[in-house]
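Notes follow the structure.
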Number of protein chains: 2
Amino acid sequence: MAGIEEVARRAGVSTATVSRALSGRGYVSDATRLKVQDAAGELGYVVSSTASGLASGRTRNVGVVVPMLSHWYFSSVVEGAERALLRHGYDTTLYNLGGDAAERSSVFTHFLLRKRVDAVIAINLELTTAEVTALHDLDKPLVGIGGPLPGVPTLALDDVELARLATAHLVSLGHTRIAHIGGGQEFDVDFHLPSNRRHGYEQALEHAGLAVDATLVRSADFTLQGGYRAAKQLLGSPADRPTAIFAASDDMAIGAILAARDLGLSVPHDVSIVGVDDTQQAPFFDLTTIAQFPRRQGEAAVDVLLAELGELTPEEPTDFGLPFELVVRGTTTRPPRD
Amino acid sequence: MAGIEEVARRAGVSTATVSRALSGRGYVSDATRLKVQDAAGELGYVVSSTASGLASGRTRNVGVVVPMLSHWYFSSVVEGAERALLRHGYDTTLYNLGGDAAERSSVFTHFLLRKRVDAVIAINLELTTAEVTALHDLDKPLVGIGGPLPGVPTLALDDVELARLATAHLVSLGHTRIAHIGGGQEFDVDFHLPSNRRHGYEQALEHAGLAVDATLVRSADFTLQGGYRAAKQLLGSPADRPTAIFAASDDMAIGAILAARDLGLSVPHDVSIVGVDDTQQAPFFDLTTIAQFPRRQGEAAVDVLLAELGELTPEEPTDFGLPFELVVRGTTTRPPRD
DNA sequence: GTGAAAGCGCTAACAA
DNA sequence: TTGTTAGCGCTTTCAC
């Protein structure tokens, strides 16, 4: 394992110059930079991150904190963030805060604060003021995804607008009895996503002059099974059956499709269905949905972070609203005439 | 940010004693250990991982390398590994080698070798001998999941045995025309999982004295869609239609269920279907499947690793064969009488 | 544009 | 059982 001294000797310069040439900080002539790079290459020299970190206070390591990993959304965001960080020479240290409260606080005190990371990305995590302050006191930039976090730059989806778009799509097709399968109260912890989507749904109905009917709103748990059950209930009543369903996730939307099939209803002929996410399975079910782009969300968070670390100078001001997009496929059409 | 010196002063001991008391290495009397711990607690002292790493050569950080993250299997394994590592005071640094070859080699030279990690867990990754050697030369323990990696302790599923079990289940129910939807050649890169499962399937048939019929074997891409298409082909032929299908993943099995439904066939009355994985969706489709336990696989890899790092002294010799289990649900039954 | 040298904050001999 | 002290391998002033 070659050290900086060997590289210096081989290149005929001092260790200080090697450090400057390789890190890009400070003035080095092009000629010596080349000499140094060659020497380093020949020796297979790689800086010791511990030594460099100790001397400089920078670790080139970013902590990414998630509430769970084994779910399409989170693993995709992390994937995007990791790639973007790697491209910029940063490592990604992963913290899964899924566990109990003790584990959570231990992560904060013993891990994040251990001078191990230069910055933190918090995904869909409602951090306490104390936690945010702890990071700020250490001068560690923090950016959130799925905010808002007080005093923290946070990228977030406008869930109200997203739900309005989905609902408006159904309205524009002529539907007047539009049901909604949302998340239950228990999912409202992280940033009130379920209630925001419900509000958007209601706003779109009101905007179209349609009555909001509480019997057309069911809550589920964002899973296939939950969507299936809720849809069975909604589609079961023969008289007042809705002609369209807006489900707050693709999984629930697919559950609704299967429920409709099991009831002998045809999608979209008898019921139109819209989801949210555009997961891998959506095309298979020909599901109309609102796409969001978790990988790009991770990348965008990294851009903001690197700007705060002074690594990147963004050309345009950051847009903290995350993009989403209506993808019209085959599960929505005009309502049946009766 | 309090340093070790302040703690030493407050506890009335030397910095060396503080280090010993907090790390658990070397002799310290219980009395002084308590004094030190109190002092550290009051000051909110946390060791600097860079300084400690530089001085000791240990980072308490493990690199976890995956070929992709946004897939149930990989994110679950990583989740399990991360939790286990955290419990033992280790951080998890994630490397996604999904990208191109250049990125891959860069991860090895510039990241893993940067003295940043104490050890590496490689998940479903066929490392080259050079890569393995590079790690060994640095005395960094390496354990694999989904091997075999030459010269590396590797936890792996016995895919042949697993496929035999699935197929034998169908045989035992009386099926004689059993189809198989496996992975294509292009998935054979990582450890020949598809061909191993196919061999197990064939062995079970032969063991039962049944003929192996190549027309009953289809390859797909492990997705819902792939399984759907393959199943349509298999179930389309009216005369020689198989009465059972063993699909090499739950996703493909669920695709097969949907294909059967679309053809007007009843599952399991007309066709029995078995998958592999026991994903979250399997219970919803009442799918008989072979469960594997990715979270526990991650934990098991950590156990092996910690033993190599001398952190853990395993009571029993490690079982490098990963467990799997037949979960019988509602998609398998006796073949229809004709 | 480059070099000398003083740390960065901790750990591990070694001595006591 | 504890203290003294010499590094660990870099980065970064400060001179030149």
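The chains referred to below are lettered A, B, ... by the order of the sequence lines, with proteins before strands, and numbering in each begins at 1. Just so it is clear, the structure is predicted and the values come from calculations on it, not from any experiment.
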Of the listed nucleotides ([options]), which one gets closest to any side-chain atom of [X]?
| X | options | value |
| --- | --- | --- |
| Thr17(B) | dT2(D), dT11(D), dC8(D) | dT2(D) |
| Tyr27(B) | dT5(D), dG3(C), dT2(D) | dT2(D) |
| Ser29(A) | dG9(C), dT11(D), dG1(C) | dG1(C) |
| Ala16(A) | dT12(D), dT2(D), dT11(D) | dT12(D) |
| Thr15(B) | dT2(C), dC8(C), dT5(D) | dT5(D) |
| Val28(B) | dT2(D), dT11(D), dG3(C) | dT2(D) |

Reckon [X] touches a base, only the sugar-phosphate, or nothing at all at heavy-atom distances under 4.0 Å?
| X | value |
| --- | --- |
| Arg33(A) | nothing |
| Val18(A) | nothing |
| Thr32(B) | sugar-phosphate |

Please tell me whether [X] and [Y] have a donor and an acceptor in their side chains that are separated by less than 3.5 angstrom.
| X | Y | result |
| --- | --- | --- |
| Thr17(A) | Ser14(A) | yes |
| Arg295(A) | Ser70(B) | yes |
| Thr93(A) | Thr93(B) | yes |

Tell me: [atom1] of [X] to [atom2] of [N], nearest whole Å?
| X | N | atom1 | atom2 | result |
| --- | --- | --- | --- | --- |
| Arg25(B) | dT1(D) | CZ | C1' | 18 Å |
| Glu5(B) | dT4(D) | CD | P | 11 Å |
| Arg116(B) | dG9(D) | CZ | C1' | 15 Å |
| Arg60(A) | dG9(D) | CZ | C1' | 18 Å |
| Tyr45(B) | dC10(C) | OH | C1' | 7 Å |
| Ile4(B) | dT4(D) | CD1 | P | 14 Å |
| Arg9(A) | dG3(C) | CZ | P | 14 Å |
| Leu22(B) | dA12(C) | CG | P | 13 Å |

- No-H, no-angle donor-acceptor pair, Arg20(B) side chain to dG3(D) base, under 3.5 Å: yes

- Message: Taking 4.0 Å as the cut-off, does a side-chain nitrogen or oxygen of Ser19(B) come that near to OP1 or OP2 on dT11(C)?
- Response: yes

- Query: Between dT11(C) and Ser52(B), is there an OP1 or OP2 to side-chain N/O distance shorter than 4.0 Å?
  - Reply: yes

- Task: Enter the distance from Leu97(B):CG to Glu82(A):CD here, rounded to the nearest 0.5 Å.
- Result: 8.5 Å

- Of Gly12(B) and Ala51(B), whose nearest nucleotide on DNA chain D comes first from the 5' end? Gly12(B)

- Message: Determine whether a donor-acceptor pair (N or O, by modelled atom type, separation under 3.5 Å) exists between the side chain of Asp118(A) and the backbone of Val62(A).
- Response: no

- Does Asp38(A) pair with Lys35(A) as a salt bridge, N-O distance under 4.0 Å? no

- Task: Report the residue (Leu54(B) or Ser14(A)) whose heavy-atom-nearest nucleotide on DNA chain C is the more 5′ of the two.
- Result: Ser14(A)

